[in-house]
Amino acid sequence: MKPVEIAKEIYDVGVNDWNIRDFHGYSTHMGTSYNAFLIIDEKITLIDTVKKDFADQLIDNISQVVDPKKIDYVISNHTEMDHSGSLARVMHRIGEDKPLFCSKMGEKNLSRHFHKKWNYRPVKSGEELNIGSRTLTFLETRMLHWPDSMFTYLKEDKILFSSDAFGQHYAGHEKFDDVIGDAIMPHARKYFANILLLYAPLILKLVEKVTELGLEFNMICPDHGILWRKDPAKIIGAYVEWSKQENTEKKAVIVYDTMWHSTERMAEAIVSGLSEEGINVRPMKLREWHRSDIMTEVMDAKAVIVGSPTLNNGLFPTVSDFLTYMKGLKPQNKIGTAFGSYGWSGESAKLIHKELEAMKFEMPDQGLRLQYVPDKEGLEQCAELGRKIGKAING
Ligand code: FEO
């Protein structure tokens, strides 16, 4: 990937990671990119770096625009290593004494990652940095999604460098929203569901604050994926909608795993019951679907129905994995129920019920367990459970 001039004298010098398929537990079917931005002004400024493995490419990209030694300032919007991994290499190349701007928490985090006494310049929300003909304003976005996270806003060009926010795990030749079009939205949605959902209340507050500040955006430049220049309001609108979690669509997701197809047959019968009530239902077997793709469907579903066989007095491992994952992302405003087949002890449905209750799901039923292979009557019980959840969704 060559540097791209995204606005006059402002370059994306980042890289595409075409082949990454697992981003610490998130499936990245289309790879990702680590965007980093170089502003050429009286003080040449680099915003963020890239994952360590791509440090050479970053330096090479910068060199195509300017001698890296001429960089005056470095800004670290976020210390997670996909954006800070190349920092040691960059600082070594440009001069270890060059000012490094980050949030106060950023300084702590970088010190604990790199153990270097760099020339840290911790900044606060609202602080400005003049780089010649341009002014950068910092906006702390604590816990979106790390304690150190911040945005950098370029006043004159009205460009927001938004770190992880508004990103997508997508590597492509397209650099902008107007080039790729709506095909990028499913990637943005998956990214939100798996990285930002638990911070939804903070996102709504942040959007409110940005509106109060009256900031205007010609461009929003996240650190992953394409840049929003045609319609930055579109991704902000989508974030507001996703954060509200109103779950207005009549949709249910059945998340399950199965050993000898009994729990699967129960899932199929629950699907018919939900369908009878006009619910858009999607059964997702855990060993066929990645947890991050399931979570994307869960995000706007009104009901999440979870099924597991009982294995060794507990849950099937993939079901435990998914429940742990979903719990961490704190989905709101959901209806839930549990089901599962068992041989002799039969704890699974009860265990799932307890977990969903702990996630504050509305639980209209105690859940259903059936011994060994479900018969006609058992399957009718499953269909009835589907109809009951369907009615709860229909309100
Ligand atoms: Fe893309 Fe939180 O790192």
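Because the structure is predicted, anything quoted here is derived from the model rather than measured. When a ligand or atom number is given, it counts from 1 through the structure's own listing order.
Neighbouring protein atoms of atom 2 (Fe) of ligand 1 (N, O or S, distance under 2.8 Å, waters ignored): His78 NE2, Glu80 OE1, His145 NE2, Asp164 OD2.
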Task: Stepwise ring-ring contact (aromatic ring centres under 6.0 Å, His included) check, Trp18 with His173 - done: CA-CA 10 Å; Trp18 297 101; His173 290 289; 5.3 Å; yes

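Screening Lys190, Arg291, Lys251 for a salt bridge (charged side-chain N to carboxylate O under 4.0 Å, His left out) involving Glu297 leaves a single residue, Lys251. When each of Asn194, Thr32, Asp17, Thr28 is checked for a side chain to side chain donor-acceptor pair (under 3.5 Å) with His169, only Thr32 meets the rule.
For the residue pair Glu246 / Thr248, no side-chain donor-acceptor distance below 3.5 Å is found, with atom types taken as modelled. If you check the side chains of Asp148 and His78, you find a donor sitting under 3.5 Å from an acceptor.
Inter-residue side-chain proximity for Asp177 and Leu227 is flagged as unmet; no heavy-atom pair is nearer than 4.5 Å.
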